[in-house]
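Report on one structure; see the data block that follows.
We use all heavy atoms of the structure for the numbers below, so side chains are in, but hydrogens, waters and symmetry mates are not. All chains are named by letter (A, B, ...) in the order of the sequence lines, taking the proteins before the strands, and each is independently numbered beginning at 1.
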Protein chains: 2
Amino acid sequence: MLIGSIDIGGTKTMVGIVSPDGQILSKLQFNTERSDPKAWITHSCGRLKECIHSLGYDLKELSGIGVSLPGIVNRERNILVRTVYPEWNNLRAVELVQRLLGIHKVVIDNDVNACAIGEMYFGHRDLYRNYLWVTVSTGIGGALVCEGRLIRGYNGSAGEVGHMKVEFDHPLPCPCGQYGCLEAHGSGTAIKHYIEEEIRNNRIFSDLFDSLGLSKDAAGCARLAKDGNGTAIEIYRKAAVYIGRGLGYAVNLLNPEVVIIGGGVGSSLDILKDGILGTIHKTVNPALLPVDVVRTRLGYDAAFLGAAALVIDQMKTE
Amino acid sequence: MLIGSIDIGGTKTMVGIVSPDGQILSKLQFNTERSDPKAWITHSCGRLKECIHSLGYDLKELSGIGVSLPGIVNRERNILVRTVYPEWNNLRAVELVQRLLGIHKVVIDNDVNACAIGEMYFGHRDLYRNYLWVTVSTGIGGALVCEGRLIRGYNGSAGEVGHMKVEFDHPLPCPCGQYGCLEAHGSGTAIKHYIEEEIRNNRIFSDLFDSLGLSKDAAGCARLAKDGNGTAIEIYRKAAVYIGRGLGYAVNLLNPEVVIIGGGVGSSLDILKDGILGTIHKTVNPALLPVDVVRTRLGYDAAFLGAAALVIDQMKTE
């Protein structure tokens, strides 16, 4: 059994072939061109064909294709409802892929939902049945699994921890149009903002990035923090406290056994974990503790593997 | 088919007989005596016998007995795990009722979970499949229904909105041992606290309660607010804003279609609703709106009817 996977993110796209136990047999990655979604899906399907042919197989040998998309997905109507890229709104993604590749079983979902389902089949597997999956990256997204089932909510937005309010006194603006959201205070974008704030008054901190050839962003700052730089550690600590507040609300409300963290910033969980856990312990009902915070086992490929897992998950429930 | 219901609350107990469509055929209510939980269960079972006999039936005609309890319930182990009354912790409630009444089908749950399940069978019924049920009373409790199923969480505490942090600058102490919880700022106890604060500097407000023979609590204050008293309205408005913050977190995270409010303070939803909805609209991701806030259709008997619904719910899933 072979599964096709298409993971379209806001900045990168991955397409490839995955085995039922989560082995990546073939994969291509390239930057997302967002201006024309239909042209982009067509292009991605073409690259998927290359992947299957490179393995010496044909399209008809695929059991199904999973597609993860960066926005709110309506699974009953099989469309991408809403994204931060207006031209992608209401995209009939399933129909399009079915027609382009001649394969009936095409399953779509939001990228973070795909990650959470991927964790169930390919990551921590049956270890956890009640968890919150959180991507900490440029933005922050989340998904809920309760008793082994993904909770979608009334219109597909359950689990979106990114827009919980975590700062009331000095709230920063969020891309969602509101203020004080977790995404505005705890994401990679927020870390970049804290670096820029610091650099304005601290020339030495700026020079440090330059002298080591580091980008002035979350990744560069993580490198400095891991090297023991106090300012960089403090910046990560600040983000961690906000992440802990947002997760604290979620733990209070959902009583998960674990929070699983993915995403680029999330890959630095080692320097975030103390701040996150410290805040959770201060804000969560003691009856719900301990609750662990762990890294995804899917790494960088979480949404790509998750897209493949969507097909397995649907076969299981059929 | 007849169902026995035992609803043991922190202050009152109700026992009685309910029909499968939620008609109360017989009911007794009395104050809860908390010092000896086994003795109290025994007493309640005795009163339940009176109820069934008063209808001219015998115990063996009961299809099952539902019991709602004021704490965290472990449904697999059939015990009341944890309450604010330590002597009730780890009570083997199911075994006790089975033995006392000789009926095998005994189902227990937390009182708010029972309310949420009761709403599904006897209240708003199939109208909603994704909702948050919130009791606003002396304290604040909650329960989640997603896609028509109650979400329990890892150790039975999912949905407990009462301990979400809603005040960081001037947090009040909460019975849970933390500060700034929704329960400390938006419950009946909080409203009583605001009344006492006001009365310290406002003799006229105090005299108003006395002259009308009103108790200086949430119920008395609701009466003044409904009569148009500005101070009383402001007190309810303050509580409503906090309730709106707590519900806002829950809506952001769970994407329900509606929040259903019960409890004594919740019965004054007419004077709370504007403040709650206004705050929700300011704190919730616009993609999740509109979300309505409505009163339970079960009224004062929510947990009592909910206990009976536990039996129906379990029969349905067997």
Counting only heavy atoms not in [X], do more than 12 sit closer than 6.0 Å to its [atom1] atom?
{"X": "A/E76", "atom1": "CD", "answer": "no"}
{"X": "A/R75", "atom1": "CZ", "answer": "yes"}
{"X": "B/Y179", "atom1": "OH", "answer": "no"}
{"X": "B/R125", "atom1": "CZ", "answer": "yes"}

Quick one: [atom1] on [X] to [atom2] on [Y], what's the gap to the nearest 0.5 Å?
{"X": "B/N285", "Y": "A/C176", "atom1": "CG", "atom2": "SG", "result": "5.5 Å"}
{"X": "B/C146", "Y": "A/R152", "atom1": "SG", "atom2": "CZ", "result": "12.0 Å"}
{"X": "A/N252", "Y": "B/L253", "atom1": "CG", "atom2": "CG", "result": "10.5 Å"}
{"X": "A/Y154", "Y": "B/Y131", "atom1": "OH", "atom2": "OH", "result": "14.5 Å"}
{"X": "A/N130", "Y": "B/N155", "atom1": "CG", "atom2": "CG", "result": "9.0 Å"}

### Task
Examine whether an atom of B/F168 lies under 4.5 Å from a heavy atom of chain A, and if so say whether it belongs to the side chain, the backbone or both; otherwise answer neither.
side chain

### Task
With a 4.5 angstrom heavy-atom cut-off, could you sort out which part of A/L144 is near chain B: side chain, backbone, both or neither?
side chain

### A/I72 portion near chain B, given a 4.5 angstrom heavy-atom threshold
side chain

### Query
Which one of A/K165, A/H163, A/K282, A/R129 has the most heavy-atom pairs closer than 4.5 Å to chain B?
A/K165

### Task
Tell me, out of A/R245, A/R149, A/E147, who's got the most heavy-atom pairs with chain B below 4.5 Å.
A/R149

### Query
Does A/Q178 use its side chain to pair, donor to acceptor, with the backbone of B/V284 at less than 3.5 Å?
yes

### Task
Please check if the side chain of B/N255 supplies one atom and the backbone of A/G156 the other of a donor-acceptor pair under 3.5 Å.
yes

